[in-house]
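Computed from a predicted structure; not experimentally measured.
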Amino acid sequence: MSERKVRVRFAPSPTGPLHIGGVRTALFNYLFAKKHGGDFILRIEDTDQARYVPGAENYIQESLEWCGIKIDEGPKNGGPFAPYRQSERKDLYRQYAEQLIASGHAYYAFDTSEELDLARTQAEAKGETFTYNALSRQAMKNSLSLPEQESTALLIASTHYVIRFKMPDHEDVTEVDLIRGSVTFNTSTLDDKVLFKSDGMPTYHLANVVDDHLMQITHVIRGEEWLPSMPLHVLLYRAFGWEATMPRFTHLPLILKPEGKGKLSKRDGDKLGFPVFPLLWNDPATGESSRGYREDGYFKEAFINMLALLGWNPGTEQELFSMEELGQIFSLERVGKSGARFDPEKTKWFNHQYFIQKSDEELAQLFLVELQNKGVEAPLALAIKVCGIVKERCNFVSEIWDQSYFFFQAPTAYDEKIVAKRWKDDVPVLMENIAVFFETLTAWNAAEIKEPFSNFVTEKEWNFGTIMNALRLCLVGGGFGPDIFEICETIGKQETISRIRMAIRQIQ
C-alpha cells in the first residue's frame, strides 16, 4: 500500500443512464476509500461531445446520492482539484498532448476519414484488419512519414489533424493488477491511439491519465473492459515521467446476465422483468422509459448489499451488511477474477430481508401512500397492524395491498375454484351457526376468539378444516391470507359477522 493518502475516483461519461455495473464500480471505489481512510472523487468525463446526453450527469449524481455513496470531491461540492468536469478542463490537455509530441512519444496525423476508410478497405481485400501502428504509420499521412516542412505547412494551414500516441514496436509492458496479478501485453498487438481530437477535446486515454495524475489518484478501480487500455496508460505515465506516482490498477470482473453468456444488458432486464438501472430513466431522445430499482420498490440498502456481493465475498457466511460494515471489511483481495452472474431472485431476497427488518410503523407510513393512491382512507394504527401481520409474505411495499386488501374492504367476489372445492351444500348453515356464535362473544381479540371457537366446533363435531376454509372464503374472498383469527380481530366483530352473512347470500 502506498504511503500517500488513498484517493480513488469514479469517472463516468454522461452518455446515458448509469448501468448497475457502473454503480458497482462506484461502490467498490467508495468502499475501498472508506476502508483506508481515503477520498472518493466523482469526475465527469464528458469529452465525447457527440455522445453527450442531456440529463445524464444529473442522473449519475442522483443515483449515487440515492445509494448513499457520498462524494468527497466532485462537480457539485467542488474540491482542491476543481473543476471536476473534463469539458471545463479542456484547455490544459492540449499542452500535455504537445509535450508528448516534443518528447517524441506522440505525433500529428493528418489522415482524412476517406483515407482511413480506404486503408481499411485495402486491408480487408487482403483478408487483414487495418491497424494504425508501427507497421502502417509510415504509409499514412502524419508528421512521422511526411517531411518536417510539409507537416509544419499543414499545421500552419490549420489542416484537420489528430494527435496519436507513438506506440513502441514489439515491447512487453508488464503491470500488476491488484485482482489479476502480473499482466503482460506486447505492444505489437496495440494501435497508435488518438489522444487529442480535431475538435480540441482529448480522448479518454489522455484526459484520464492527466487528470488522475493532477488529482493525485492512488488507485484506479474500473471495469474489466478497460483492461486492454492498461498498457497504453502505463506507457503514458512513463512518457510523462510520472511513473513514480502512477496509480495502482484494478479491473473488476463483469456482471454477467442471469442465463446464457455475456454481460448483463438492458435487454436481459426487459426480457426477464427486472431493472438494470438504479433509477427510472426517461430517454430525452426517444421518450422511452427504463425501469429503476428505486421506483420498482427496492430499498437502497438491499440494492447496495446485492451489488457488494456481486464479485466480492466477505469470506464468511454473512450476507447482510450495512454500508458502514462494508466500509470496514471490504478488500480488493476478496474480489474474484471471473464474472459474477446476476440473480434477480436473489435481489428480491435481499429486499425481503431489509423489508422485514423495518419497523411496522416505517412500513405503514410507506403503505399509506399506496392506500391513498388507491383512494383508500385508513388510520395509521390500522396500517401499522396490517403491516405487522403480512410483512413476512412481502418483498415490496407495493405487495402489501395484495396480501391485505381484505382488511380495508369486504370481498366483492369469491374465488370460483375455492367455492367449488370448499362451499358444499351444508356450508351455508354451518356458517350461519358460526355467525350466531360470534354474536355471543364479548371479548374480541385473536386469542379470545380462537379458544371458544375451537371448543364450539369440536362440541358440534364439525370438520375443523371445512369450517376454517369456508370462514376464510367468507372473510377474504379466497383461500389465502394470514391467521384467520387475526383477520377477525383486525376487521372487528360486526364486520366479521357481516361478511359471513354476505357470503352466504352472494355465493348462494
- Task: Calculate, to the nearest 0.5 Å, the distance between atoms CZ and CG belonging to Arg248 and Leu178 respectively.
- Result: 4.5 Å
- Query: Would a distance-only check, ignoring hydrogens and angles, find a side-chain to backbone donor-acceptor pair under 3.5 Å from Ser188 to His170?
  - Reply: no
- Hey, could you give me each pair passing ring-ring contact (aromatic ring centres under 6.0 Å, His included) that has a residue in residues 243-272? Not counting sequence neighbours. none
- Message: In the structure I gave you, are the side-chain heavy atoms of Val209 and Trp242 within less than 4.5 Å of one another anywhere?
- Response: yes
- In Thr218, Asp39, Asp211, Asn208, the residue satisfying side chain to side chain donor-acceptor pair (under 3.5 Å) with Arg9 is Asn208
- Query: Which pair of non-hydrogen atoms, one from Ile304 and one from Cys67, has the smallest distance, and what is that distance?
  - Reply: CG1-O, 3.5 Å
- Query: So, for Pro278 and Leu18, which heavy atoms are closest and what is the spacing to 0.1 Å?
  - Reply: CD-O, 2.8 Å
- Query: Using the benzene-type ring in the case of Trp, are the ring centres of Phe240 and Tyr96 under 6.0 Å apart?
  - Reply: yes
- Task: Would you please classify the geometry between the Phe480 ring and the Tyr405 ring as parallel, tilted or perpendicular, with 30° and 60° separating the classes?
- Result: tilted
- Message: Under a 3.5 Å distance rule, please check whether Asn29 uses its side chain to pair with a backbone N or O of Val8 as donor and acceptor.
- Response: no
- Message: Testing the 3.5 Å rule here: is there a donor-acceptor pair between the side chains of His105 and Ser103?
- Response: yes
- Query: Does Thr15 offer a backbone N or O that forms a donor-acceptor pair with the side chain of Arg51 under 3.5 Å?
  - Reply: no
- Say whether Asn133 and Asp191, considering side chains only, have a donor N or O and an acceptor N or O under 3.5 Å apart. no
- Query: Does the side chain of His19 come within less than 4.5 Å of Arg24's, by heavy atoms?
  - Reply: no
- Item | Set of residues satisfying ring pair (Phe, Tyr, Trp, His ring centres under 6.0 Å) with respect to Phe165, sequence neighbours excluded | none
- Item | Between Asp268 and Ser265, a side-chain donor and acceptor under 3.5 Å | yes
- Item | Short side-chain donor-acceptor distance under 3.5 Å, Asp111 and Tyr161 | no
- Item | Listed once per pair and sorted, the ring-ring contact (aromatic ring centres under 6.0 Å, His included) pairs that draw on residues 45-85, sequence neighbours left out | Tyr59-Trp281, Trp66-Phe303
- Query: Are Met306 and Phe342 close enough that some pair of their side-chain heavy atoms sits under 4.5 Å apart?
  - Reply: yes
- Query: Quick one: are Gln86 and Arg43 in side-chain contact, heavy atoms under 4.5 Å?
  - Reply: yes
